[in-house]
Each structure stands twice: as C-alpha cells, then as structure tokens.
Amino acid sequence: MDLSAKTIEFLQQLINGISLGSVYALVALGYTMVYGIIKLINFAHGDVFMLGAVFGYFAITMFGLSFYPALIVSMVICAALGVVMERIAYKPLRNSHRVASLMTAVGLSLFFQNFTVYRIGAQPKAFPRSAPVNWNVFGVNISSRQVLILATAVVLMIALHFIVQKTKMGKAMRAVSFDRDAAMLMGINVNNTISFTFAIGSALAGAAGVLVGQYYGVVNPLMGTLYGLKAFVAAVLGGIGILPGAMLGGLFLGLAETGVSAIGYSTFRDAVAFAILIIILIFKPAGILGKNTREKV
Amino acid sequence: MKRKLFLIIALLMVASLVLSACTSKDPAPVNNGGDKPTGETIKIGGILEMTGNIASFGQSSRNGIVLAFEEINAKGGVLGKQIEFVLEDNKSIQVESATAAQKLIQQNGVAAILGAVASSNTLAAAPIAQDAKIPLISPSSTNPAVTEVGDYIFRSCFIDPFQGVVMSKFAIENLGAKTAAIMTDNNSDYSIGLTEVFKEAFTAAGGKIVSEVAYVSGDTDFNSILTSVKNAGPEVVFIPGYYDSVGLILDQAKNNVGFSSDIVFLGTDGWDSPTLFDLAGDSANGTYFSNHYSPDADSAIVKDFIASYKAKFNGAIPDALAATAYDAAYMIAAAIESAGTTDAAALRDAIAAVQLEGVSGNIKLNEKRDPVKSAVVIKIDGGAQTYYSTVEPN
C-alpha cells in the first residue's frame with residue numbers, strides 16, 4: 001500500500017505529537033492528583049520531573065543499570081521525595097490560606113532547580129541510551145524510542161487507573177478527595193492517603209523524566225520549568241482534578257504543539273500552549289471534562 | 001469564579017518563576033586567571049560564558065586567554081607591568097553580559113575587555129563599552145553587527161558573511177548539492193545572520209532552498225520540524241546553531257525521524273564542542289562545519305600553542321574558541337605595548353593597527369575592525385573532528 005506524501009507527513013507528525021503528549025500527560029497526572037486531593041497546585045512538580053530525569057541519568061551512568069531498572073529506581077526515589085516534600089513543606093500549611101502553600105511550592109521549585117545546578121552544574125548532560133531501531137511502516141518512520149515512551153506511558157496510566165479504582169487505597173483517595181472531613185470521620189487515615197497521592201504523582205513525574213531523557217537524550221537542571229508549565233496547562237485543559245482529563249489534556253497539547261510546528265510556526269509552539277490555557281480559562285474554566293464527570297482523585 | 005482567579009494567580013506566580021530562573025542560574029564562583037593584584041598591574045576584563053547553555057565555549061576561551069596572559073607575564077608583562085585578568089561570567093545570557101560590562105568598567109576599572117563568545121551576548125555588552133570608550137575585543141562573535149556598534153569594538157575571528165559563503169560553496173562544489181534546507185535558531189543573532197548569508201549565496205549559485213524551519217535555543221523537541229525538513233527532500237541541511245541544540249537535532253534526525261545518511265548536515269563554528277558528540281553520538285558522523293582553526297594545521301606557531309595548552313590544561317587539545325581567544329589576548333597585549341599607554345583613545349588606535357601572526361591565522365583588521373583570514377572546513381568522522389580543507393578569503 002502506498003500512501004501519498006501528505007498522508008505520510010501527517011501520520012509522522014501524529015506519532016511525534018502522541019509521543020510528546022504522553023509525557024505531558026504523565027506529568028499532568030501528578031498535578032491533577034494533588035490538586036484533586038488537597039486543592040494545591042504543586043509547582044514543584046515540574047522539578048520532581050527534572051529530578052526524575054537526573055536520578056535516571058545517575059542510575060545509568062554511575063550504577064550501570066539498564067533502562068527499566070533505572071526507570072523503577074527513579075520512580076521509587078521520586079515517590080519518597082514526594083512524600084518528604086509533602087510532610088515537610090505542605091502539611092504544616094494544610095489549614096492556612098491556599099496562597100501560602102502555593103508560595104511554598106514556588107519556593108521548593110526554585111530550591112530544587114538551584115540545588116541541582118549547585119550539585120551537578122548547569123551544563124546539559126547527555127542521557128546514555130542504546131541505539132534505537134527504526135521501523136518503516138508504509139513510509140512512516142517509527143522509532144523504538146517512540147514506541148518505548150508511548151508503551152511505558154500507557155502501562156503506567158493503566159496501573160494508575162487500577163490503583164485508583166480497584167484498591168482500598170484508591171478508594172480512600174477518592175473519599176478524601178470528595179470530602180476530607182467526612183473521610184476522616186469514617187476512619188480513613190487522611191495523612192497517609194495524602195502522602196500516598198504525592199508518592200504516586202511524584203513517581204509518575206519521575207518516570208516521565210526518565211522517558212524524556214531517553215527520548216531526547218539530554219538532561220539539564222532547568223528542564224522542569226517548561227515541562228511543568230506545559231503539564232499544568234494540560235491538567236487545566238482536561239479539567240484539573242480529573243484523571244482522564246489530564247491524559248486527554250496532555251495528548252491534546254502534544255498534538256497542538258506538533259501541529260503548529262508542522263505548519264511552519266515552530267517558534268510559536270510555546271505561545272500556543274499558553275494561548276490554549278487562556279482560552280480554556282475564559283470559555284470553560286472547568287476544563288474539557290469538567291462537567292461530564294464528578295469523579296475526582 | 002474563585003477557582004478561575006486562583007488559577008490566574010497561580011499562572012502569574014509561575015511566570016515570575018520562569019523569569020527568576022533566567023537570572024539565577026548558577027552561583028558558581030569563577031576563577032580569576034591573573035596574578036595577585038598589586039598596584040602595578042594592567043587590568044583586562046573578560047566577559048565569558050562560564051556557565052549556561054554554551055559554557056563549553058566560555059571555558060575554552062578562558063583557557064586560551066589565561067594561557068596567553070601567563071606567557072606574556074612570564075616574559076615580563078607589557079610596559080613593565082603584569083597583566084591582571086578579571087573574569088565575569090555572563091551565564092550565556094544577554095542581561096548578564098551587559099551587567100558584567102558595567103561592573104568591569106565601573107568597579108574594576110579595566111583598560112580593555114575581552115568577550116563575549118556568542119554574538120547576542122557581545123551585542124548586549126558592546127554598547128556599554130562603546131559609551132565608556134573602553135576597547136572591547138570579541139574572540140569569537142562572528143555576526144557583522146558586533147563591530148558595527150562602534151569604533152571601540154573589535155574581534156579576532158572572521159565574520160559570518162565569509163563563513164556562510166564558505167559553507168554554501170562547499171555544499172555546491174564539494175557535495176554537488178542543488179537543494180538545501182536551513183534550520184535557524186530564532187533566538188540568536190548569529191544564527192539569523194548566517195541563515196541570510198547562506199540563503200543568498202546558495203540561491204545566487206543556482207541552488208534552491210526547499211525548506212526553512214526555526215527553533216529557539218533551549219528547545220529539546222525537534223522531531224516535528226525535522227519531519228517537515230525530511231519531507232521537503234533536501235540534499236543538504238544547513239544548521240547555523242550552537243552545539244547544545246545541534247547535538248539533539250542530529251540525534252533526533254537520524255534516530256527518531258529516520259533521515260537517510262545521504263542527507264548531509266552542514267554547520268558553522270558554533271558546532272565546535274565535544275558536547276556535540278556526547279549528545280549526538282554516532283549521528284554526528286559524516287557532517288561538516290566551518291571553523292577558525294584546526295589543531296591538525298601544519299604550522300610552528302600552532303604546534304607551540306597546542307603543546308603549551310596541553311601542558312597547562314591536563315592534555316586537553318585546544319579548540320577554535322581557545323585559539324581565537326588566545327589570539328585576542330595577544331592582540332590586546334601587542335596594542336598596549338605599541339601604544340605605550342593604556343589611555344583609551346591611543347589604545348583604540350593601536351588595536352586598529354595591530355598586525356600579528358596568530359594561531360587562527362594572520363590577523364590584520366580591515367576598516368570595519370574585522371580580521372580578514374582563512375576558514376577551515378572540518379569533517380566529523382568516527383566521533384572526532386578531522387581537518388578537511390582550508391578556504392582562503394577572496
């Protein structure tokens with residue numbers, strides 16, 4: 001079967017967009033979970049993503065792990081970091097004004113960035129990886145890296161869905177998200193549930209960091225800011241606090257950015273992401289899925 | 001409504017985060033290359049990219065300058081005084097370059113300034129030096145606009161019109177290319193300038209530009225624009241950018257988008273860093289770029305330079321950045337010596353008249369304060385730079 005040049009280009013860009021979008025979706029899930037449960041936008045989340053990439057980098061270069069063990073190590077460290085971050089920085093402020101927590105998040109973000117610069121330097125680092133395999137499907141090039149990023153993201157999202165919907169902890173998360181005081185009265189350990197949410201969200205961000213590292217081949221201490229912001233846009237776009245919304249928002253954003261580049265306006269890709277945020281805030285602040293579902297985590 | 005407001009506040013706060021991230025990149029202290037300050041020194045300032053995106057360039061340049069001043073000081077300095085090198089880190093950004101120029105002139109009272117590397121950064125610092133009438137020599141800013149800032153601004157490297165023409169000629173004559181694509185870093189005066197020059201030279205020689213795409217430095221995702229380039233079907237792809245982006249582009253072109261190895265990537269002196277190999281790996285093989293100098297060149301002065309550089313910096317081979325910075329340091333020393341003073345106006349005239357045999361070619365400035373000298377084309381092969389040919393100015 002022969003496809004026309006236009007179709008091939010379209011499919012190729014579609015693959016590029018989905019790969020990028022699945023990373024945004026993974027990071028956005030962490031934003032949205034934390035927002036769903038304690039109504040905090042955790043701006044340090046983008047930097048947890050960056051640290052995930054850095055941990056993955058060291059797991060591979062210093063301890064000689066291969067990709068999947070490095071991914072798991074990075075997810076575990078990020079999960080622990082998420083719990084510690086919540087306990088030290090956010091828990092004492094849980095009952096104060098929301099802006100106080102938000103400021104703390106911004107402070108944490110700066111701390112993570114500059115601490116990383118201090119420890120490993122501001123130079124971009126090459127992320128070690130094996131040579132990819134390229135498949136040519138009807139003229140469309142598919143790289144094994146793209147398959148890896150997409151498959152890993154899908155598996156993680158399915159796992160998350162399972163945890164939230166089928167486990168006891170997931171039920172507790174949904175209950176706390178719905179009404180924290182009532183959940184506490186019903187005997188749910190709210191503190192542990194919130195910590196668990198941070199752990200899961202941070203682990204997903206860490207995984208996204210390692211995936212980005214292996215896909216683009218570079219890690220640097222300031223990479224978290226832009227990805228964090230884009231993921232925030234993705235979360236708001238899908239409806240902040242709604243899990244499927246974050247996935248949808250991430251994919252939509254990845255495709256939108258790729259689409260803008262494809263039609264020749266590559267320098268506007270960041271602008272487009274934020275224009276989407278402004279438009280969604282004006283016309284549908286609850287996000288795409290904001291009204292259809294009441295389920296929150 | 002409350003939620004909307006909250007999200008807007010949140011967005012504003014993040015915007016401030018991005019801004020502050022731009023200015024607070026690195027607190028790392030910077031080594032001062034000169035001797036101990038005494039009353040009897042001549043202070044020369046340096047504005048270099050010691051940290052940030054193109055830190056590899058700044059560090060090589062620093063090494064070149066430090067080596068030159070050490071050699072000069074060991075021979076008794078200039079005018080019987082030792083040279084003290086006062087280095088400021090511009091963190092690879094424009095704002096910090098301007099701040100560094102202010103500081104060097106007002107607080108340190110330097111006689112002249114060396115730097116910066118990137119044209120954008122030099123263009124930020126140069127007007128300050130020009131207003132204060134302090135001579136500034138950029139070792140490696142190739143954008144023509146740099147010396148157009150004023151009569152106190154000089155450089156020790158060739159300029160983009162020459163470099164762009166060299167690569168265009170190379171594409172047509174050596175590679176037999178008739179179609180080309182250009183990938184421009186829209187955040188860099190250097191890249192935009194070279195794009196114009198290449199486009200003009202290539203089309204004037206009968207070639208056709210089939211695709212022009214843009215990115216901004218700091219991007220990591222090039223898959224999408226590379227897909228557009230690939231589908232336009234060029235024979236060569238010209239990327240006048242810096243190694244940090246180019247390394248990623250070369251890798252993604254081959255490994256994510258599936259460029260065939262028949263398409264040749266061409267670049268300019270911004271590619272000259274070992275980091276390019278780290279980022280691109282094997283994908284860098286078979287590409288060509290123009291540069292100021294090659295360590296393989298067969299001349300006595302180059303060999304001496306390489307030997308003393310290796311001795312001082314743990315066996316490192318000097319790159320072109322180190323070479324042009326070394327030459328810039330010798331230019332300023334020669335000018336102070338011939339002027340017999342560090343008085344700004346006399347020093348300016350002396351720099352304009354300076355003539356010396358540098359490691360990056362013979363330096364003689366034209367009326368626009370730009371040196372007229374040869375370029376080399378370097379081929380990347382087997383993960384290393386190999387000398388390919390020398391192109392003389394016409």
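It should be emphasised that the depicted structure is a prediction, and the values quoted were computed from it without experimental measurement. These values consider heavy atoms only, across backbone and side chains, with no hydrogens, waters or symmetry-generated copies. Throughout, a chain's letter reflects where its sequence line sits, starting with A, and its residues are numbered from 1.
Of the atoms belonging to B/Lys230, it is side-chain heavy atoms, and not backbone ones, that fall under 4.5 Å from chain A. Residue B/Ser283 does not touch chain A at all, counting heavy-atom pairs closer than 4.5 Å. Interface remark: A/Phe127 contributes no atoms to any contact with chain B (heavy atom separation under 4.5 Å). Using a 4.5 Å cut-off between heavy atoms, A/Tyr227 touches chain B through its side chain atoms alone. Only the side chain of B/Tyr243 has a heavy atom closer than 4.5 Å to any heavy atom of chain A. Interface residue A/Glu9: backbone and side-chain heavy atoms are both found under 4.5 Å from chain B. With a 4.5 angstrom heavy-atom cutoff, B/Asp221 touches chain A via backbone and side-chain atoms both.
Side-chain N or O atoms of B/Asp185 include one that pairs as donor or acceptor with a backbone N or O of B/Ser217 at under 3.5 Å. Here the side chain of A/Asn220 pairs a donor or acceptor atom with the backbone of A/Met223 at under 3.5 angstrom. Remark: the backbone N or O of B/Pro240 is paired with a side-chain donor or acceptor of B/Ser191 at under 3.5 angstrom.
Interface summary for chain B: among A/Ile15, A/Leu20, A/Ile142, the most heavy-atom pairs under 4.5 angstrom belong to A/Leu20. Your options are A/Thr258, A/Val133, A/Asp270, A/Leu226, and the one with the most heavy-atom pairs under 4.5 Å with chain B is A/Thr258. Interface check for chain B: of the options A/Thr267, A/Asn136, A/Val212, A/Ile263, the most heavy-atom pairs under 4.5 Å are formed by A/Thr267. Between chain A and the options B/Val216, B/Asp219, B/Val257, B/Asp244, the largest number of non-hydrogen pairs under 4.5 Å is found for B/Val257. Per-residue counts of heavy-atom pairs under 4.5 Å with chain A were compared for B/Asn231, B/Asn256, B/Asp251, B/Asn187; the largest is that of B/Asn256. Interface check for chain A: of the options B/Leu279, B/Asp282, B/Asp278, the most heavy-atom pairs under 4.5 Å are formed by B/Leu279.
Between B/Leu266 and the options B/Phe289, B/Trp271, B/Phe238, a side-chain contact (heavy atoms from CB on, under 4.5 Å) holds for only B/Phe238. Looking at B/Leu226, B/Asn223, B/Thr227 one by one, the single match for side-chain contact (heavy atoms from CB on, under 4.5 Å) with A/Gln12 turns out to be B/Thr227. Checked options B/Thr268, B/Thr195, B/Asn143; the residue passing with B/Tyr190 is B/Thr268 (criterion: side-chain hydrogen bond (donor to acceptor under 3.5 Å, both in side chains)).
Checked against the 6.0 Å centroid criterion, the rings of B/Phe222 and A/Tyr216 do not qualify as a close aromatic pair.
In this structure, A/Phe115 and A/Tyr118 have tilted ring planes: the angle between them lies in the 30° to 60° band.
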One pair to check against side chain to side chain contact (heavy atoms under 4.5 Å, CB included): A/Lys230 and A/Val233. What are the steps and the verdict?
CA-CA 5 Å; A/Lys230 298 269 183 72; A/Val233 175; 5.5 Å; no
